[in-house]
Every structure is written in C-alpha cells, then in structure tokens.
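Notes to accompany the following structure.
Treat the numbers as computed from the prediction; the structure is a model and nothing was measured. Protein chains get the first letters and strands the later ones, always in sequence-line order, with residue 1 at the start of each.
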2 protein chains.
Amino acid sequence: MDTAEGAARAREAGTRNRRGGRVPTASMADVARLAGVSSQTVSRVSNGYAGVTEETRRQVLAAMKELGYRPNSAARALKRGEFRTIGVITFSLATTGNVRTLEAIATSAAGEGYAVTLLPVAVPTQDEVRGAFSRLEELAVDAVIVIMEVHLLDAASLTLPPHVQVVVVDSDADDHYTVVDTDQAGGTRAAVRHLLDLGHDTVWHLAGPEGSFAAQRRTDAWRHTLTEAGRTPPPLVRGDWSAESGHRAGLELAARPECTAVFAANDQMALGLLRALHERGRRVPEDVSVIGFDDIPEAGSFLPPLTTVHQDFAEVGRLCVQAVLRKMREAGPERGTTLVPTRLVTRASTAPPPERTGPAPDVWGDPPA
Amino acid sequence: MDTAEGAARAREAGTRNRRGGRVPTASMADVARLAGVSSQTVSRVSNGYAGVTEETRRQVLAAMKELGYRPNSAARALKRGEFRTIGVITFSLATTGNVRTLEAIATSAAGEGYAVTLLPVAVPTQDEVRGAFSRLEELAVDAVIVIMEVHLLDAASLTLPPHVQVVVVDSDADDHYTVVDTDQAGGTRAAVRHLLDLGHDTVWHLAGPEGSFAAQRRTDAWRHTLTEAGRTPPPLVRGDWSAESGHRAGLELAARPECTAVFAANDQMALGLLRALHERGRRVPEDVSVIGFDDIPEAGSFLPPLTTVHQDFAEVGRLCVQAVLRKMREAGPERGTTLVPTRLVTRASTAPPPERTGPAPDVWGDPPA
DNA sequence: GGCTGTTATGTTTACGTAAACATTTGATGG
DNA sequence: CCATCAAATGTTTACGTAAACATAACAGCC
C-alpha cells in the first residue's frame, strides 16, 4: 500500500514538478479517453446517476483512480450556477460567541455539503468594512451569514449579488433580514431574577460595548427586569467585553458598599470583576454576588466558579445554516427572528446578600467609612 | 435615467424575482451590449488593463453599474485555473491558539487577495478526518494550511490535488511538509529557567494531551531544560488543555508539599490549577509558583495574574500565508520549519519558593503529613 | 503617399462540466 | 420478423471569462 501507489501518484499527478511547471489536473475528457467512453458517461458516474452499467461504472472508476481525477469545482460551479459555499462575515474572532457560532456554522454547513468561507473584518472602520464587502461582492458564495450588528453593514452600502441570501446574528434588523440569535432578553431576565430571588435589593450591570446589539439587548433587559420588579436600576457601568475592562469596572464597583450583586454582560468581564473584588477584599459570593453571560468552558474554573447564563452557540449556528439554505431553496424573502433559549448555570459566585438591613435592625451596623 | 434603465435592468438582471425564479446575473456580454463594445473590452476594464480609452472605460463602468454586474468567480476560476482561495483544516476552534492563528491567516490572506475556506474536523476519529478530506479533495482551493498534528492527516490517507500546496502548524513533519510554528522549545525553556532562576529546586509540568505535537514539544523541552540544569524531572501530570483538567491535576499537585513550581502547558489549564491550589489553601505565588503558556487575553485577569509565555499567533498566521503563497508561486517543494519566537510575560503568579531547606536548617521542619 | 509601428478594439477559442438532445443496442410482443 | 420501447451511451451545446490572435485606426517618418 505504499510503493505502487506512491509511484502511480508521482507519475500521474506529477509530484515531480521540479521544474516549476504547473501540473495539469486530469479532466473528464482524460478519464473518458482512458476508460474508452464518452465524457458524459464519466460525468454520470461522477455524479452518481443511474443508468450506467455496472461494468462501465467500474471501468470509469478505475480510470479516475489511475489518473487521480478530481472534479473541477470551478467548472461545476459555473455549470450549476452555484458554489455550494456560504460566506461568514464577522468582526474579529476574539469573542467566544463569534467563534463558537462560526464553528457550529462550519460544521452544519459541511453536513449539508456546503463549504464556509471566512470574511473577517479586522478593524471596524468604515474603510475596512467597505473593503471587506467589495471583496465579498465578487466572492464565490451563494449565501452570507453576518455575525455582527447589521447597521454597520448598511453603513458600508453593501450591495450583494441579487440571489445571495443573508442571515444575521447579533442584530435587531429583523424587519430587513432573517435574524437568528440567542434569547438575550430571556437569559438576562433569568440572571437578574436569580439575584433578586436571592434577596438582593437591586442588581448592578457591567455592560458590553455600545456598538454591540447583544450588549444593548442585555442592558435593556436588565433595566426592564429591574423596573418590572419595582427596583431602581443603579447607574450603568460600561466595559468592552474584555477581562481588563471588567477589572477596571470592578475597582469602581468595589468602592461602593451598597453594591451586592453584579450582572456582567459576559464571562470575561466577570473574570476581571472577580479579580478586582478580590483585590479590594470583597469576598464573592459572601459580600458580592457575580453572574456572567455565555458560560465559556473556563467559567467553572474561575475563583469562585461562576454562575452564568449558558448560550447554545451550536444551536444558533445550526439554525443559521438551516435558515439560509431554506431561503436559498425557497427563494422566499423570509424575515423575522428566531431566538435560541438560554439556561442559567448556577455555580458558586452567587449567594444571598450579606445581612445589612432587614429583620435584625442595628445590632452591629455598618461602619460608615 | 430611471424608467428606461429600470426597465432594462428588470429585463436583464430580473430584479423582480417574485415568482421564485432564479435571477440571472448580468454577464460580460450583457454589459458589452449595453455599453456598445465587445465583451473582451469589458473584460479589460474589469481587470484594470491598460489600453482602454478613458471614454470607453467610462461607458463600460456605467453599464456595469447599471446592470449591477459582478464578475462570476466560478468562470474566472475556471479560466485562470486558480481559485484564489486557501483552505484551512483544523480540529475544533475550541483552543485559543487555533482560533487566533486562523484569524491571522484569514486577515493575511485577505490582504493578498485570497479568501479562506474553513474545513473543520469536528471529532478526531478516523472516519471524521477521512470524511473531511474527501470533501476537501474536490474543494475549490489552491492551497491548504493544516492546523493540527499532521500524522492524523496521513492516517486519513489524504490525497490532495497535485498542485495544492500544504503548510502545517502544530506538527513535526518538517521532512515532508513546510512547517510554521511557535518556538515551543524556546518558550518552554524560558518558562522553566525563570522558575529555576527564582530558586525552585525543580519544576513540575502539567502537560497537554498526547495527540498534540505542541504539547509533546513542550513536554520534551521541559524535561530537557531540567536535566540540562542538573535537576530531576518530577513525574509528568497530564491534562487535556481544558481548565477542568487543570483543576483535577491541581488537586493532585496540591497534595504534594514538595511541589513549589508548576509549568502548565497552556493558560486554561493554569486557570484550573490556580483554582485547585486556592481550594487546597496553597497560596500562589507564596507557596507555589505557576506559569502558563499562550498569554490569552484573560491571563492578566487571573487570580493572581498569570506569568506566562506569550505566543505571537498573528505572526504564525502571517507566515503560513506567506509560505503557502510562495510555494504556489515558485512551485518549489520547499520544506523545513520556521519558528516564531515567544516572549515571557512576568506577572504575579511566580515568586521564589517558600523558605524550606537552605541556610536555616531545621527550625520548624515540615510536618510529615 | 505608402510604410512601419503603436494603440485601441473586436473575434475566436478553450477552460471542465453537465443539461438537453440524439443515437445505438437489445429485448419484448404481436 | 419487424415495430416498439427502454436502457445505455454518445454528441452538441452553453455556462462566463480571458488569453491569443486579428483587425482597424491613426501617427510618424522617409
């Protein structure tokens, strides 16, 4: 299983491309010639059509193998009018959510016989975005999934080829696009209620960056859940998703003794927050409860293990692919939003608030410092 | 400039796809007809060739715009014999390293006018790998970058189209492939020496999974650096890159009072290790020093902030793209390894060992457990 | 004024595949 | 034994682009 095959491969495929000559790939015509049939018959075998004698089929397959024949996907795409490829546009792969979603998309797409082409937009400047999309315009893609706030996309005056379908994650543009997303509001509500149920008067919020729809949605839901419960939302503290920003925010929050519960908009910021609280001597969860969002794999290893909202990224990715393929096949300009439910994962970073006010009035009251 | 044109466009490009009919995209011929030139002239304008009158060019561009013309990349690829696409094969995007490398590859490739197609291999079973590669065989790709131990690739009896060049990350197969990788050995040596220089007798190692070349390399270098310094390597503790596995290993290590310094093969495992040590009441860095590998963005927010080996993933990705494009252009079967240097980032998780043996002999000796 | 050379543009062709149509072969039935 | 039909295979054509080649127009020159 080595020498013979190796030699055949070297001969046919011309591994010995020493002199830099482009080695021609065998085409259907070559296979047909060797097998003594027409190229159409080769095509039929290649595509698994019925109506080919077993005998013929075997001959063709043998010829294919000998020549190392591979269908030329460019020619196929040209002929069929489709590329069997889905493009994914995203800002950086720095955030867990984007990556996990991307991975699920790629896996789902592969299952459907589609490839995934990545279109990263490095810096969110107008120019960058515009550049990426002008590249996209002539990209070999049948459909596009956009993982970012879609208004940035409009800002780039994106024009896609007419038959390219679009599905969007992390956006609220469900009046213009098909949107698949995590149920941000539901997850947030679960997190905030969990803290209120534990007895906290109110819940502080460490928000994500303003540009992100997901962040916006979580902030809105946080505020809504609090007012719904008759509590006053404390001032908003803003981060940028990074642990470092969580740390900065945490130093601020640690200075406020009235802050006993914090809902961080993602786990990374919660991590930084935990460090800041620790540095300031505020114990978690005894003095302050912290809850995150995402349930990254490391969340269970934080100090203390983080209570957080679990997102089903795999499901989001799968639904994206399903939706975009359905749109392609039915050519329907379907719109609207599909939400993927979340699940609260309770670990060790949340607890009832420290005894402060309540039944026992002023036994050893807080030192006013 | 509206009714006539609008009608023309509707006729040509058929924007009115109400009835689900596939909308034909305008071709060069359409543009040529509208502009009153030959399709070859349209091609010249499209590809920016000189030798077209400014007047003609303007007319063609106007016609393109009116018809919403987009070059058909399938036809282009067929004609040119290349796809301007690089395929990236990787096991899951769960590890930071893979993701960051992928991102850098995508960015670099875009800069060179290449798209990146993702080929995830979900589960590392023989079948999965084989399946992925049989898909790859007919993938529209000019070159491939493999981010995984390449022997898995051989196991799948991979046959690539002859002119597809391959570059590999995380592998030692530099006698068969072009390899670009982080300088695992150098980074490990820096980490281990840092701990020895602080005065630790020896350094324990929390290794990555056996299948990973990077893990293997780090383990080898750890052992080598220790013996080189005349120390005896303690028994190996193995993890699987996850924080959870680091936690398990940490519980073991915490039980050994002689363990004062641990080199974890990545930051996630270091995180779990930190938690385990904390749970067991062993202070970091006073009792035990911990050092990681990768320098993930969160490492600075661990408790305590983690000393770790910084990897330049962006550079690895960039070099991969460069190497693969060079191989394509020069058609040289270039081999060998390019190493990207690392940098030790000193934070708060490492310190000299606790006073134990040394000048003061047996003042309060260790309780024998 | 015709020759040469240059520049702008047009025409032909081929890339590899697969649909549509055409032909051949062999079997079945009257 | 030929008409009929189905199955297997062959032939033609078109997909959209761009290289190669062909032509036209015009300027410069002796």
pair A/I105-A/I145: side-chain heavy atoms closer than 4.5 Å: yes

Is it true that a side-chain atom of B/D142 and a backbone atom of B/R84 form a donor plus acceptor pair closer than 3.5 Å? yes

Is a side-chain N or O of B/S27 found less than 3.5 angstrom from the main chain of B/A29, in a donor-acceptor match? yes

Any non-hydrogen side-chain atom of A/V316 less than 4.5 Å from a side-chain atom of A/R100? no

Worked verdict on B/R318 versus B/E315 for salt bridge (charged side-chain N to carboxylate O under 4.0 Å, His left out): CA-CA 5 Å; B/R318 207 179 58 76; B/E315 180 68 4; 2.9 Å; yes

Are A/R76 and A/S46 close enough that a side-chain donor and a side-chain acceptor fall under 3.5 Å? yes

If you take any heavy atom closer than 4.0 Å to DNA chain C, which residues from residues 42-64 of chain A end up in contact? A/S43, A/N47, A/Y49

Can you give the first and last nucleotides of DNA chain C, 5' to 3', that have an atom under 4.0 Å from a heavy atom of chain B? C/dA8 to C/dG16

With DNA chain C as reference, determine whether B/T41 or B/L78 sits nearer its 5' end, using the nearest nucleotide of each. B/T41

Does a side-chain heavy-atom distance below 4.5 Å link A/D30 with A/R33? yes

Considering non-hydrogen atoms only, spot the tightest contact between A/S38 and A/A32 and give its length. C-CB, 3.6 Å

